[in-house]
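Single-structure report; data block below.
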Number of protein chains: 2
Amino acid sequence: MTEIRQPTPRRGTNLPRMGDFNLTVILDAVRRSSGGLSRVELAQIVGLSPQTISNISRRLLDQSLIVEAGKEGSGPGKPRTILRLNPAGMYAVGVHLDPAVTTFVVLDLVGAVVQHSRVKTPDSGNPEAVIAAIAAEIEKLVEASGVDREKIAGLGIAAPGPIDHDNGAVVEPPLLDGWDRVLLRDALADATGLSVLMDKDVTSAAVAETWAGGPSGAGSFVFMYMGTGIGCGIVLNDEVVRGTSGNAGEIGHIIVDPDGPPCDCGLRGCVKSSCIPQVLVAEAQAAGILSDEGPLTGGSVVQERFAQLCEAADAGNSAAMAIIDKSAVLVARAASVVANTLDVDRVVFGGPFWGSLSRRYLELVPDLIQQNSDAGNIHAIEVVGTGVGEDVGAIGAACLVLEHTLAPRAQRLLLEG
Amino acid sequence: MTEIRQPTPRRGTNLPRMGDFNLTVILDAVRRSSGGLSRVELAQIVGLSPQTISNISRRLLDQSLIVEAGKEGSGPGKPRTILRLNPAGMYAVGVHLDPAVTTFVVLDLVGAVVQHSRVKTPDSGNPEAVIAAIAAEIEKLVEASGVDREKIAGLGIAAPGPIDHDNGAVVEPPLLDGWDRVLLRDALADATGLSVLMDKDVTSAAVAETWAGGPSGAGSFVFMYMGTGIGCGIVLNDEVVRGTSGNAGEIGHIIVDPDGPPCDCGLRGCVKSSCIPQVLVAEAQAAGILSDEGPLTGGSVVQERFAQLCEAADAGNSAAMAIIDKSAVLVARAASVVANTLDVDRVVFGGPFWGSLSRRYLELVPDLIQQNSDAGNIHAIEVVGTGVGEDVGAIGAACLVLEHTLAPRAQRLLLEG
DNA sequence: TTAGGGGAATCCTTGACTGAGATCCGCCAG
DNA sequence: CTGGCGGATCTCAGTCAAGGATTCCCCTAA
């Protein structure tokens, strides 16, 4: 353990990089504004001269990434021409590969869903066949959307962790037999002809929030992903934290309940063993809240019964409410650990199971997190639910492409090796 | 909780910024190399053309931040001229304000300690007098070092958290009465005439590692700070994570022992209640390992007895060893939580109490962390002890200045508001 | 003496900045 | 109703500064 792997050192930058970066900065400002911005406003916001804004605007107009959308003249003088994002300027395809269902979306530049489909994930141990099926579904979806293929910037894949980011493979995914270290990214690139990006589902969800989540996707935040498992996506200063192997956000073994049930790690009360939906459903069945007592096999069964549990809680069943409320306390503890460690001032909740939980969680969690906050005296911590719905995984996957292509990441400035 | 605070949007960049950034990139490459680099090597490393390197080298030579140090010719052709950091090119002053002792250092450009002193922190409730005393001590230290005042880039302060980074104040510091929200940074700037930066001690320690820690300070890592409390500093891709209010790294309430003692947060087995030195010393006293049974008042008493405990463990006292070993397990769990959440591949241990612990911890902790790693299948996690010694707080404080002035932070590229 | 590599001088390209001019609209007088 | 005036917005040329490409000079080993 004494030899330190020497990372690639920090590299320099040059003029073309600078130009491209400023372009993405302006695009980002336009994107984040509600209702567009004029060139003068842009100059003020990004700190560049009006001239430069004009030049870059022209480039963006030429690429039809933005459009001039009307004028706005209040007083005397030439009215400002408003620049807006052109939704049809670019598209991206997203796939969320989940043990239960595989979701597909085509997204436009503003992050709106143009086309959408879901298929049950085939549980064959034959990844090649599944990959071919995915490629075919993408083909069908793009066809149906009527989008010009030239306008499709790429394909994003969201997969359950852990993943091997360097090789574009999932590693020992639970409930996906035969998928260990299959080179999914390259296989799909070959099959579709698109450039492919791959990330964990929680990271994708966080990216979806930055791109399609409105004001709650700006700055720094932790995205609590409520899915089959519970994970988090991390965004610091508008940049997603991926970690060395793309596996940031693993919080399954944070201990949230010293009196909780034992976990496979040998301890007690981990997130993974005490507050994921599967555990809550099992608790509800043991308590006799859910009539159906069949085995909990597969993600879709869990999802269904979990929805029943939440409905019971919303309907006033006190035992069900107790289970949900307790889970809120535990999840809030996990969120607090991450929020305290990174000192963020916003926690965003989302994920496929969030819809059922949101009402009760939004009543309980804000106060719990505020109480647990180490920096609570200095700044409050906002707790919000995401605006991106159930398909956040697939939407996030598509947003990976948009983010990679158009977001003003500092990395974009640096020369490549 | 619905109103989202709109953060300052991402800003553009321009030519002068680019030039300055490239300068810092080159300086950083020279700094990180062992034994200097030639211009050609630099060109290859940072990706800029040889003559750009030449131009920037000239600027660095003019500012005497680097020096030409000999030639290196192996084969035919003109031998390479080696560029090295000039230790005397710049200095920085660092102060570590700790409840027990206040440490002062003057650092040169390579991070070597030029001058050093310690005084007991006066426990008066009169911050103004203490600030005046600190300023006087700095004056004395600079005088004694014989350093040209023009070469002093600034003053760094490391303070125990939580801090209010915006206002440069400590917030409700434990054991420091009367210091709540005193505007320490501005007061010291007025008193010394230096530009002052302030950060938490754990953040400062992480910065010290990036600047003076050798290869283990590159890339991404978590710095576990073993002090009166236990905290962590976070560095991702060579940039320190500070958080919205400068309070990142608060891990005191991560639960590491479900069977542990109760904590003031209402739960059990937090880091703060189960493995900080004060708790271990109390355990040792209860077990009769330490003969002296006096009260545990003040940081220096704890430090002294903790050293005795570690000595006993090193000497083979099995009860003492059990206490240290158990703490290693617990601290490893906390480190694992952070490492898993951020997916870093290195954990660096350090801090004032690290010296006593290092031998046993380095035997136990690497395996423990590897076992707890969620990404353990994908990459190993290195565990190393810092090269920066007991004064890491003050050295880190001085490094804050060097880092702010000379590190290739992406932030440097962006235009200011 | 020759070969080969390092470093500097020169010119080119490119992107942002500066200042003058064109454009557009509301206002107001005739 | 019409045309000139003023003010704000936007664009056109010129300048500046930084990195890139080419060329040349210098140095050392063989």
Side-chain angles (χ1 to χ4, degrees), chain A residues 11-27 29-30 36-62 66-83 408 412-416, chain B residues 11-27 29-30 36-62 66-83 408 412-416:
Chain A
R11 294 176 71 82
T13 186
N14 60 13
L15 263 161
R17 298 254 161 198
M18 184 174 82
D20 287 349
F21 177 79
N22 280 344
L23 185 132
T24 63
V25 167
I26 290 177
L27 192 70
V30 171
L37 289 171
S38 71
R39 290 171 175 80
V40 254
E41 285 170 317
L42 276 169
Q44 217 206 332
I45 289 172
V46 306
L48 296 167
S49 69
Q51 211 47 35
T52 306
I53 304 290
S54 235
N55 293 340
I56 294 178
S57 301
R58 200 171 307 123
R59 281 174 66 191
L60 287 168
L61 287 165
D62 287 347
I66 59 173
V67 286
E68 294 191 335
K71 297 180 182 275
E72 186 181 73
S74 54
K78 181 171 175 177
R80 306 171 164 183
T81 49
I82 302 298
L83 302 173
R412 181 187 302 282
L413 276 161
L414 306 181
L415 296 165
E416 276 142 26
Chain B
R11 293 175 70 83
T13 186
N14 60 14
L15 263 163
R17 299 254 160 196
M18 185 172 83
D20 287 349
F21 178 80
N22 280 345
L23 184 133
T24 62
V25 167
I26 290 177
L27 191 70
V30 171
L37 290 170
S38 70
R39 290 173 175 79
V40 209
E41 287 169 316
L42 275 169
Q44 216 208 331
I45 290 172
V46 305
L48 295 167
S49 68
Q51 58 288 15
T52 302
I53 304 290
S54 242
N55 294 340
I56 294 178
S57 301
R58 201 171 307 124
R59 282 175 63 191
L60 287 168
L61 286 165
D62 288 347
I66 60 173
V67 287
E68 294 192 335
K71 299 186 179 268
E72 185 181 75
S74 54
K78 180 172 175 179
R80 305 173 166 185
T81 48
I82 302 297
L83 302 172
R412 181 187 303 281
L413 277 161
L414 274 35
L415 296 166
E416 276 143 24

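The figures here come from the full heavy-atom set of this structure, side chains too, leaving out hydrogens, waters and symmetry mates. Proteins get letters first, then strands, A, B, ... in listed order; numbering begins at 1 in each. No experiment lies behind these values; they were computed from the predicted model shown.
Taking A/N55 as the reference, A/R58 meet the side-chain contact (heavy atoms from CB on, under 4.5 Å) condition, with sequence neighbours excluded. Under the side-chain contact (heavy atoms from CB on, under 4.5 Å) criterion, A/L415 pairs with A/R11, A/N14, A/R17, B/L48, not counting sequence neighbours. For A/S57, there are no side chain to side chain donor-acceptor pair (under 3.5 Å) partners at least two apart in sequence or on another chain.
Atom CG in A/L60 sits roughly 14 Å away from atom P in C/dG15 (whole-Å rounding). Across the protein-nucleic acid pair, A/L61 atom CG and D/dC10 atom P stand 12 Å apart, rounded to whole Å. At whole-Å resolution of the value, CD1 in B/I53 and P in C/dG7 are 11 Å apart. For the pair A/E68 CD and D/dT9 C1', the computed distance is 12 Å after rounding to whole Å. If you measure from atom CZ of A/F21 to atom C1' of C/dT14, you get 18 Å, rounded to the nearest angstrom.
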> Under the side chain to side chain contact (heavy atoms under 4.5 Å, CB included) criterion, do A/I26 and A/R39 qualify, and how do the steps go?
Replying inline: CA-CA 10 Å; A/I26 290 177; A/R39 290 171 175 80; over 6 Å; no

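Look at A/R58 and you'll find a side-chain N or O under 4.0 angstrom from OP1 or OP2 of D/dC12.
Residues B/E41 and B/I53 form no side-chain contact, since every pair of their non-hydrogen atoms from C-beta on lies 4.5 Å or further apart. Residues A/L15 and B/L15 are in side-chain contact: their nearest non-hydrogen atoms beyond the backbone lie under 4.5 Å apart. Residues A/E68 and A/L83 are in side-chain contact: their nearest non-hydrogen atoms beyond the backbone lie under 4.5 Å apart.
The backbone N or O of A/L413 sits less than 3.5 Å from a side-chain atom of A/T13, completing a donor-acceptor pair.
Taking each heavy atom of B/G12 and A/V25 in turn, the nearest pair found is N-CG1, 3.9 Å. Of all heavy-atom pairs spanning A/L42 and A/A29, the tightest one is CD2-CB, 3.8 Å. Here the closest heavy-atom approach between residue A/T24 and residue A/P408 is recorded as OG1-CA, 3.3 Å.
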> Can you give one letter per nucleotide of nucleotides 15-24 of chain D, going 5' to 3': B for a protein heavy atom under 4.0 Å from the base, S for sugar-phosphate only, - for none?
Replying inline: --BBSBB---

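In this structure, the helix from C/dT1-D/dA30 to C/dG30-D/dC1 shows an angle of 10° between the axis at its start and the axis at its end, each fitted on 5 base pairs and rounded to 10°.
Residues from residues 37-44 of chain B with heavy atoms under 4.0 angstrom of DNA chain C, sorted by number: B/R39, B/V40.
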